[in-house]
Amino acid sequence: MKYIIFEDFSGHPVPFIFPHRVDHADMREQLPYTRVLSAGYVDMVDGAFRCHGGAPELQVSARAGDAAIIAAKFAPRLPGEADIA
């Protein structure tokens, strides 16, 4: 899968994961966020996310903390708990 991490309007990182057949640049055009923080490819290896590569068309690459950002979005939340991770 591919991914892009944007900065949302509150300054928090927001990951989007999408299929290989969609270009990073095409996905970027579809989303309203102004700043791209990183992008690349994401795999799950032994139950953990692994981010690698980049998106030359967006002039960004995978960063060391990207896998943790993505994993945090999959973490269970209590009913009514805000999603600010």
Side-chain angles (χ1 to χ4, degrees):
M1 301 290 286
K2 292 181 179 178
Y3 78 95
I4 299 174
I5 296 181
F6 291 92
E7 181 178 81
D8 73 8
F9 304 111
S10 300
H12 297 102
V14 178
F16 287 86
I17 299 171
F18 52 97
H20 281 278
R21 70 178 177 271
V22 178
D23 293 330
H24 283 101
D26 290 339
M27 180 57 73
R28 198 277 165 268
E29 288 179 15
Q30 299 301 312
L31 299 166
Y33 300 110
T34 57
R35 185 167 176 226
V36 174
L37 300 175
S38 59
Y41 299 85
V42 61
D43 302 309
M44 183 167 275
V45 179
D46 296 327
F49 292 107
R50 183 177 73 88
C51 297
H52 56 94
E57 64 271 31
L58 301 180
Q59 299 178 343
V60 294
S61 59
R63 299 178 307 170
D66 289 352
I69 291 168
I70 293 169
K73 294 298 181 179
F74 283 93
R77 305 235 188 285
L78 297 173
E81 184 179 6
D83 179 15
I84 59 168

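Every heavy atom of this structure was used, including side-chain atoms; hydrogens, water molecules and symmetry mates were not. Just so it is clear, the model here is predicted, and its values are computed rather than measured. Sequence positions, counted from 1, serve as the residue numbers for this chain.
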Under a 4.5 Å side-chain heavy-atom rule over Ile, Leu, Val, Met, Phe, Trp and Tyr, are [X] and [Y] clustered together?
X: Val14; Y: Ile70; answer: no
X: Tyr3; Y: Met44; answer: yes
X: Val42; Y: Ile5; answer: yes

(request) For the pair Tyr33 and Phe16, name the ring-plane relationship: parallel under 30°, tilted 30 to 60°, perpendicular over 60°. (result) tilted
(request) Name all residues meeting the ring pair (Phe, Tyr, Trp, His ring centres under 6.0 Å) criterion together with Phe49; count only those two or more places apart in sequence or in a different chain, and write none if there are none. (result) Phe74
What closest approach, in Å, do [X] and [Y] show between heavy atoms, and which atom pair accounts for it?
X: Ser38; Y: Ser61; result: CB-O, 3.2 Å
X: Val60; Y: Leu37; result: CG1-O, 4.3 Å
X: Pro15; Y: Pro13; result: CD-O, 3.9 Å
X: Cys51; Y: Ala67; result: SG-N, 3.6 Å

(request) Enter the distance from Leu31:CG to Asp26:CG here, rounded to the nearest 0.5 Å. (result)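 Answer for the CG-CG pair, Leu31 versus Asp26, is 11.0 Å.
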(request) Can you tell me which residue pairs pass the side chain to side chain donor-acceptor pair (under 3.5 Å) test with a partner in residues 49-60, sequence neighbours excluded? (result) Asp43-Arg50, Asp43-His52
(request) Run through Met1, Met27, Gln30, Lys2 and flag the one making a side chain to side chain contact (heavy atoms under 4.5 Å, CB included) with Val22. (result) Met27
(message) When you compare the side chain of Phe6 with that of Pro32, does any pair of heavy atoms fall below 4.5 Å?
(response)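 Sidechains of Phe6 and Pro32: no contact.
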(message) Taking the six-membered ring for Trp, are Tyr41 and His24 closer than 6.0 Å centroid to centroid?
(response) yes
(message) Holding to side-chain hydrogen bond (donor to acceptor under 3.5 Å, both in side chains), I want the full list of residues that pass it with Glu7, two or more places apart in sequence or in another chain.
(response) Arg35
